[in-house]
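Just below is one structure, and these are the notes that go with it.
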Amino acid sequence: MNVALLRRRFERIGARVKVNDVTDRFRRAGIDIRADEEGEFFDIRVLPGDAVEYVVTDVRPEMRHLLLMARRGDYKQKFLCGHDERHWFVCAVPGRSVASVVDAMQALQPAEVRRGAARRIRRIKDRLRRRNAAFVRQGEWFFVPAPEGSLPESPLILRNEPISRGRGGKPHVCEELFRTGGERVYVSPRRPGGITEAQYADLVRRRPSAANWGWNVMTRGAAVYVRGRVSHADHKTVVLRTWHRVLMNTEGQAEGAESVVFLD
């Protein structure tokens with residue numbers, strides 16, 4: 001791996017990158033955002049003996065984004081690395097045909113978001129903005145205006161409700177939120193993806209101490225709508241005047257998703 005070239009490519013977007021072997025048994029290989037006395041940097045950690053090569057395939061200095069590829073023989077993983085509002089981020093990208101930063105940004109948009117943007121927005125660069133005629137984006141979440149007449153007449157509105165991708169990231173807090181459909185799940189730091197009521201009951205039966213794992217009851221797979229202020233420590237607060245459908249980006253569909261240690 002040409003680490004010097006990798007550093008030069010990251011420098012073009014104003015970022016630092018470090019490549020290190022994994023020596024701590026409590027840390028795993030992958031890509032992380034870490035910080036030292038000089039600020040944030042991209043931390044690429046490689047298992048000793050792993051024949052992986054990291055290569056930057058596209059750089060967009062004006063956007064402060066680049067496309068990074070991890071290659072092991074014929075197997076490839078792609079990651080969008082860049083700066084979003086206040087911090088650097090890394091995001092695994094789905095799709096084998098992704099060849100540029102623009103491709104990656106479009107691939108991370110849910111299908112509903114892409115279709116709406118294509119119908120309503122002419123220029124591709126405007127379809128990638130955080131706020132446009134088709135959606136508002138905050139981090140990994142997209143908020144799409146809900147058509148009139150498509151919502152329940154009297155939904156149960158929750159106040160200051162968190163939404164989370166369920167992998168331990170900081171939640172985004174919504175001033176007003178309601179859900180329709182979905183499945184009730186139990187979530188804890190030890191089960192961040194959530195388990196069903198039946199799985200929770202079985203776990204506590206087999207291991208009574210699990211009842212003290214700090215569980216929260218949440219809903220998985222529901223249609224979620226929000227209105228008002230949506231806040232997050234790492235992003236500018238957005239204000240939605242009308243109800244918007246909440247959709248998450250497609251990172252979870254990417255082959256390299258497990259290699260991303262930190263996103264928010």
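All values derive from a computational prediction rather than experimental measurement.
For R12, there are no salt bridge (charged side-chain N to carboxylate O under 4.0 Å, His left out) partners at least two apart in sequence or on another chain. Under the salt bridge (charged side-chain N to carboxylate O under 4.0 Å, His left out) criterion, E175 pairs with no residue, sequence neighbours left out. By the side chain to side chain donor-acceptor pair (under 3.5 Å) test, R179 pairs with E161, sequence neighbours left out. Partners of R130 according to the salt bridge (charged side-chain N to carboxylate O under 4.0 Å, His left out) rule, which considers only residues two or more places apart in sequence or in another chain, are D84. With sequence neighbours excluded, no residue satisfies salt bridge (charged side-chain N to carboxylate O under 4.0 Å, His left out) with R207.
In the hydrophobic cluster analysis, where Ile, Leu, Val, Met, Phe, Trp and Tyr join through side-chain heavy atoms closer than 4.5 angstrom, V59 is grouped together with F42. L151 and L158 fall into different hydrophobic clusters, where Ile, Leu, Val, Met, Phe, Trp and Tyr residues are linked whenever their side-chain heavy atoms come under 4.5 Å apart, directly or through other members. Residue V90 is grouped with residue L68 when hydrophobic side chains (ILVMFWY) are merged at heavy-atom distances under 4.5 angstrom, including chains of intermediate members. Hydrophobic clustering, with ILVMFWY side chains joined whenever heavy atoms are under 4.5 angstrom apart, groups V17 together with V46. Cluster membership check: I195 shares its hydrophobic cluster with V217, using side-chain heavy-atom separations under 4.5 Å among Ile, Leu, Val, Met, Phe, Trp and Tyr.
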Quick one, I124 with Q106, criterion side chain to side chain contact (heavy atoms under 4.5 Å, CB included). Give me CA distance, side-chain angles, the key distance, then yes/no.
CA-CA 9 Å; I124 290 179; Q106 290 181 312; 3.7 Å; yes

Assess the residue pair T196 and R220 against the criterion (side chain to side chain contact (heavy atoms under 4.5 Å, CB included)); give the C-alpha distance rounded to whole Å, side-chain angles, the decisive distance to 0.1 Å, and a yes or no.
CA-CA 9 Å; T196 66; R220 181 171 62 193; 3.9 Å; yes

Assess the residue pair F142 and V136 against the criterion (side chain to side chain contact (heavy atoms under 4.5 Å, CB included)); give the C-alpha distance rounded to whole Å, side-chain angles, the decisive distance to 0.1 Å, and a yes or no.
CA-CA 6 Å; F142 291 84; V136 177; over 6 Å; no

Residue pair Q138, H172: steps toward the side-chain hydrogen bond (donor to acceptor under 3.5 Å, both in side chains) verdict
CA-CA 9 Å; Q138 187 185 69; H172 297 239; 2.8 Å; yes

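Going from atom CD of Q109 over to atom CG of N249 covers 10.0 Å, rounded to the nearest 0.5 Å. With rounding to the nearest 0.5 Å, the separation of CZ in R72 from CG in D74 is 13.5 Å. One distance of note links CZ of R123 with CG of L128; it measures 11.5 Å at 0.5 Å rounding. Of the inter-residue distances, the one linking R131 atom CZ with L240 atom CG reads 6.5 Å to the nearest 0.5 angstrom. The line from SG of C174 to CD1 of I157 is 13.0 Å long, rounded to the nearest 0.5 Å. Expressed to the nearest 0.5 Å, how far CZ of F89 lies from CD of E40 amounts to 12.0 Å.
In this structure, the side chain of R71 does not engage the main chain of V55 through any donor-acceptor pair within 3.5 Å. With hydrogens and angles ignored, the 3.5 Å screen pairs a side-chain donor or acceptor of R16 with a backbone N or O of G39. One N or O on the side chain of R9 and one on the backbone of V56 form a donor-acceptor pair closer than 3.5 Å. In this structure a side-chain-to-backbone donor-acceptor pair under 3.5 Å is present from N132 to D126. Panel note: side chain R120, backbone A133; a donor-acceptor pair is recorded below 3.5 Å. Counting only distance, with no hydrogens or angles, the side chain of E251 and the backbone of C91 share no donor-acceptor pair below 3.5 Å. Between the side chain of K78 and the backbone N or O of V98 there is at least one donor-acceptor pair closer than 3.5 Å. Side chain of H244 to main chain of T242: a donor-acceptor pair is present (N/O by atom type, distance under 3.5 Å, no hydrogens or angles).
Aromatic ring pairs are classed by plane angle as parallel below 30°, tilted from 30° to 60° and perpendicular above 60°; the pair W213 and W215 is parallel. Between F79 and Y54, the ring planes lie tilted relative to each other; the angle falls in the 30° to 60° range. Using a 30° and 60° split on the angle between ring planes, Y200 and Y186 fall in the parallel class, below 30°.
Applying the 6.0 Å contact sphere to CZ of R206 captures more than 12 heavy atoms from other residues, nucleotides or ligands. In E148, the CD atom is not crowded: 12 or fewer heavy atoms of neighbouring residues, nucleotides or ligands sit closer than 6.0 Å.
For residues 95-119, the salt bridge (charged side-chain N to carboxylate O under 4.0 Å, His left out) pairs, not counting sequence neighbours, are R96-E255.
With a 4.5 Å cut-off on side-chain heavy atoms, E176 and R159 count as touching. The side-chain heavy atoms of V238 and S231, taken from C-beta on, include no pair separated by under 4.5 Å. Two residues are said to be in side-chain contact when any heavy atoms from C-beta on lie closer than 4.5 Å; Y225 and P155 fail this criterion. Side chains of M248 and I163 form no contact here, defined as non-hydrogen atoms less than 4.5 Å apart. For the pair K236/R86, a side-chain contact is recorded, criterion being any heavy-atom separation below 4.5 Å from C-beta on. For the pair E85/H232, no side-chain contact is recorded, criterion being any heavy-atom separation below 4.5 Å from C-beta on.
Taking the charged nitrogens against the carboxylate oxygens, D58 and R60 do have a contact shorter than 4.0 Å, which makes a salt bridge.
Contact detail for L156 and F178: the closest heavy-atom pair is O-CB, 3.3 Å. For A104 against L80, the heavy-atom pair with the smallest separation is CB-CD1, 4.1 Å. Between P110 and L247, the closest heavy-atom pair is CG-CB, 4.0 Å. Minimum interatomic distance between W88 and I13 (heavy atoms only, all atoms of both residues): CH2-O, 3.0 Å. Closest heavy-atom contact between L67 and V101: N-CG2, 3.8 Å. Residues F135 and R127 share a closest heavy-atom pair of CZ-O, 3.2 Å.
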